[in-house]
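Have a look at the structure below before the remarks.
Order of appearance sets the numbers: ligands from 1, and atoms from 1 within every ligand.
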Amino acid sequence: MKFFVDTADVADIREVAEVGLLDGVTTNPSLIMKSGRDFIEVVTEICSIVDGPVSAEVTALDSEGMIREGVKLAALADNVVVKLPLTWDGLKACKALVAEGIETNVTLCFSANQGLLAAKAGATYISPFIGRLDDLGVDGMELIHDLRTVYDNYGFETEILAASIRSAAHVQECALAGADVATVPPPVLKSLAKHKLTDAGLEAFMKDWEKTGQTI
Ligand code: E4P
């Protein structure tokens, strides 16, 4: 499973990239607002840090506007992926941008039927939002399982980019469900390395090592 980080915070992105674990980045208008940065400027900077795909979201609501914005965003760098909302206009824009050779990420997916439409529109990625379904008392992970089944049934190449991930358990369940990518907030990504038995084991090893009086 590939790891993307879900942030527009350049310092956080650099930190994860330095470990060599970063496959890509997703942003959205709320994350851009949180960064306090100029959208075009920050996306361009992120694209220079990361070799992998960087999702940048259009803000037009009509297909023509989305296509116009998508073409502009795609011209910023070779690794820009144009993020489009899962609406009728978004699907139309997806089809048109894909025909121009532009990669797309269809976002705000909350049902397998929506995911089926995005795949038929040729989306490079589909972004099902797990946490926001969980928030409503619906098991978001079921959507990942359903999309995996639907895409495998018909051989769709659209990658399942699990989004709205809130916990380490979400990441593990996505991997078990066969998601192609998980886009994870940096603190959650870092938490994957943590286990209390790892900490306790390391502490015991270090104490015993000290007793040997040796160095490497
Ligand atoms: C995905 O691309 C979105 O940016 C993101 O995962 C949304 O997460 P949230 O529901 O925690 O805002």
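- A donor-acceptor distance shorter than 3.5 angstrom exists from the side chain of T149 to the backbone of H145, with no hydrogens or angles considered.
- For atom 12 (O) of ligand 1, the closest non-hydrogen atom of the protein is R132 NH2, 2.8 Å.
- The shortest N or O to N or O distance between N28 and ligand 1 is under 3.5 Å.
- Salt bridge E18/R14: absent, no basic N to carboxylate O contact under 4.0 Å.
- Of the protein's heavy atoms, S164 CA, 3.3 Å lies nearest to atom 8 (O) of ligand 1.
- Of all protein heavy atoms, the one closest to atom 7 (C) of ligand 1 is F129 CE2, 3.5 Å.
- Shown in contact with A163 at under 4.0 Å from a heavy atom are these atoms of ligand 1, numbered in order with element: 1 (C), 6 (O).
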Are R166 and D135 close enough, and set up right, to give a side-chain contact (heavy atoms from CB on, under 4.5 Å), and what steps lead you there? CA-CA 11 Å; R166 308 272 171 79; D135 289 346; 3.2 Å; yes
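- Taking only nitrogen or oxygen atoms, main chain and side chain alike, S127 does not reach within less than 3.5 Å of ligand 1.
- Under a hydrophobic-cluster definition in which Ile, Leu, Val, Met, Phe, Trp and Tyr are linked whenever side-chain heavy atoms come within less than 4.5 Å, directly or via other members, V82 and V71 are assigned to the same cluster.
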Intermediate values then yes/no, side-chain contact (heavy atoms from CB on, under 4.5 Å), T27 and E57: CA-CA 7 Å; T27 66; E57 189 159 343; 5.6 Å; no
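- Backbone and side-chain nitrogen or oxygen atoms of T183 are examined, and none is located within less than 3.5 angstrom of a nitrogen or oxygen of ligand 1.
- Side-chain polar atoms of S35 and D9 form no donor-acceptor pair below 3.5 angstrom.
- When hydrogens are left out, the protein atom nearest atom 5 (C) of ligand 1 is D6 OD2, 2.8 Å; that is the closest non-hydrogen contact.
- Checking only distances, R166 does come within under 3.5 Å of ligand 1, N or O to N or O.
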Where do L192 and V171 land on the side-chain contact (heavy atoms from CB on, under 4.5 Å) test, with the steps shown first? CA-CA 8 Å; L192 302 185; V171 177; 3.8 Å; yes
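- Scanning the protein heavy atoms around atom 2 (O) of ligand 1, the nearest turns out to be K83 NZ, 2.6 Å.
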